[in-house]
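Quick note: residue numbers are just sequence positions, from 1.
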Amino acid sequence: MKILSIQSAVAFGHVGNSAAVFPLQRIGVEVLPIYTVNFSNHTGYGAWRGPLIPPGDVADVITGVEERGAFSQIDAVLSGYQGSVGIGDVIIDAVARVKAANPNAVYSCDPVMGNAKSGCFVAPEIPVLLRERVVPVADIITPNQFELGFLTGTEPGTLEEALASVDLVRASGPRTVLVTSVEDPAAEPGTIGMIAVDDTGAWSVRTPLLPIKANGSGDVTAALFTAHYLETGSAATALERTASSVFDLIDATLASGERELRLVESQEFFAHPRLQFSATQLR
């Protein structure tokens, strides 16, 4: 499997491609990383150094990959945080060109906008770009519950409301949807959920809610779910594998006392998920 991953990169810590590439490689995926920024660290620290890579330069790197004849071999394009409308345009164009070379290729978009606790933390034009132009051309999307609400103009606060919002967003284009950070008042306290929906049904997994904010865990989640789904064709299996690996990654990070993901130390959790959480079919 080959994935063209268009995301940010940091030297210190693990977000964007610096979070997604290694787990994918560890499960046997060939990754072609395209960087949209080259920062010292993620912006959650409040200070960072390094350049935003101009959209034209990002497009040049993608064109160079295309000139090597790689597009016909790419199984998926993966994207995460989109720092500007210009980068969004580059990604949309790259997806069209990859699909022209390989009609079986898919586009997996993590529509990064914000979360329920922090609110929206991207530029005001980015959510509109994602909702109106990017998500409609995606095959797979991996929003959290907050982002799902923005994409659909809803406020899903329960599992049933989240499923209804998923139906709305699937009608706009993407057929496979993974929703993360699903809160449900009816669920067991101290847990958090994920739901996966495609044409064959809907499934849910709930895991213990760990007391840590793990920057980059969403990037790992989107990458692993995309690869597992493409490999197996099963939303339930992809959900179980992803939930297992990401929970153990976050748990290991919490145990370490460190702020940044213990990505390398957790590599066996990617290669051999414990599958300690079973998916429940919702419909």
Side-chain angles (χ1 to χ4, degrees), residues 3-27 29 31-45 48 50 53 58 76-83 87-88 91 107-115 117-118 121-122 126 130 134-135 138 140-148 176-181 192 194 196 210 212-230 238-239 241-253 258-267 269-270 273:
I3 293 180
L4 182 74
S5 183
I6 308 172
Q7 301 195 56
S8 58
V10 295
F12 176 83
H14 301 287
V15 300
N17 266 335
S18 300
V21 171
F22 177 68
L24 287 173
Q25 291 173 329
R26 191 63 182 83
I27 64 173
V29 176
V31 188
L32 288 71
I34 307 290
Y35 302 131
T36 57
V37 310
N38 187 16
F39 287 168
S40 56
N41 51 271
H42 69 70
T43 59
Y45 285 95
W48 63 93
I53 301 176
V58 178
V77 178
L78 175 65
S79 72
Y81 169 73
Q82 299 186 17
I87 292 295
I91 293 171
Y107 171 36
S108 181
C109 170
D110 185 9
V112 178
M113 298 180 228
N115 55 61
K117 292 183 179 180
S118 303
F121 51 63
V122 298
I126 298 303
L130 290 167
V134 179
V135 166
I140 302 169
I141 61 169
T142 59
N144 60 37
Q145 192 170 12
F146 172 85
E147 293 160 344
L148 175 66
T176 302
V177 179
L178 174 72
V179 187
T180 63
S181 301
I192 195 74
M194 289 196 288
L210 298 172
I212 181 176
K213 179 183 178 183
N215 293 96
S217 59
D219 302 317
V220 177
T221 300
L224 289 177
F225 180 81
T226 298
H228 289 314
Y229 185 71
L230 290 180
L239 180 60
R241 290 183 182 180
T242 301
S244 173
S245 296
V246 174
F247 176 82
D248 281 339
L249 167 64
I250 297 174
D251 192 38
T253 302
E258 298 290 337
R259 175 173 178 173
E260 296 294 338
L261 291 175
R262 300 295 91 188
L263 201 72
V264 175
E265 294 89 331
S266 301
Q267 61 182 287
F269 298 137
F270 310 139

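- For Ser181, there are no side chain to side chain donor-acceptor pair (under 3.5 Å) partners two or more places apart in sequence or in a different chain.
- Applying the ring pair (Phe, Tyr, Trp, His ring centres under 6.0 Å) criterion to Phe225, with sequence neighbours excluded, gives Tyr229.
- Annotation: side chain to side chain donor-acceptor pair (under 3.5 Å) contacts of Asp219 (sequence neighbours excluded): none.
- Under the side chain to side chain contact (heavy atoms under 4.5 Å, CB included) criterion, Asn41 pairs with Phe12, Tyr45, Trp48, not counting sequence neighbours.
- Remark: Ile53 engages Tyr35, Asp57, Val58 in a side chain to side chain contact (heavy atoms under 4.5 Å, CB included) (not counting sequence neighbours).
- Looking at Asn17, its side chain does come within 3.5 Å of a backbone N or O of Ile34 through a donor-acceptor pair.
- Counting all heavy atoms, side chain and backbone alike, Leu263 lies closest to His14 at CD2-ND1, 3.6 Å.
- The side chain to side chain contact (heavy atoms under 4.5 Å, CB included) test applied to Gln25 returns Val21, Phe22, Val31, not counting sequence neighbours.
- In this structure Thr242 satisfies the side chain to side chain donor-acceptor pair (under 3.5 Å) test with no other residue, sequence neighbours excluded.
- Contacts of Ser18 classified as side chain to side chain contact (heavy atoms under 4.5 Å, CB included), with partners at least two apart in sequence or in another chain: Ala9, Val10.
- Partners of Asp251 according to the salt bridge (Lys or Arg N to Asp or Glu O under 4.0 Å) rule, which considers only residues two or more places apart in sequence or in another chain, do not exist here.
- Taking Gln7 as the reference, Ser5 meet the side chain to side chain donor-acceptor pair (under 3.5 Å) condition, with sequence neighbours excluded.
- Residues that satisfy the salt bridge (Lys or Arg N to Asp or Glu O under 4.0 Å) test with Glu265, not counting sequence neighbours, are Arg262.
- Here salt bridge (Lys or Arg N to Asp or Glu O under 4.0 Å) pairs that include residues 6-27, with residues two or more places apart or in two chains, are Arg26-Glu268.
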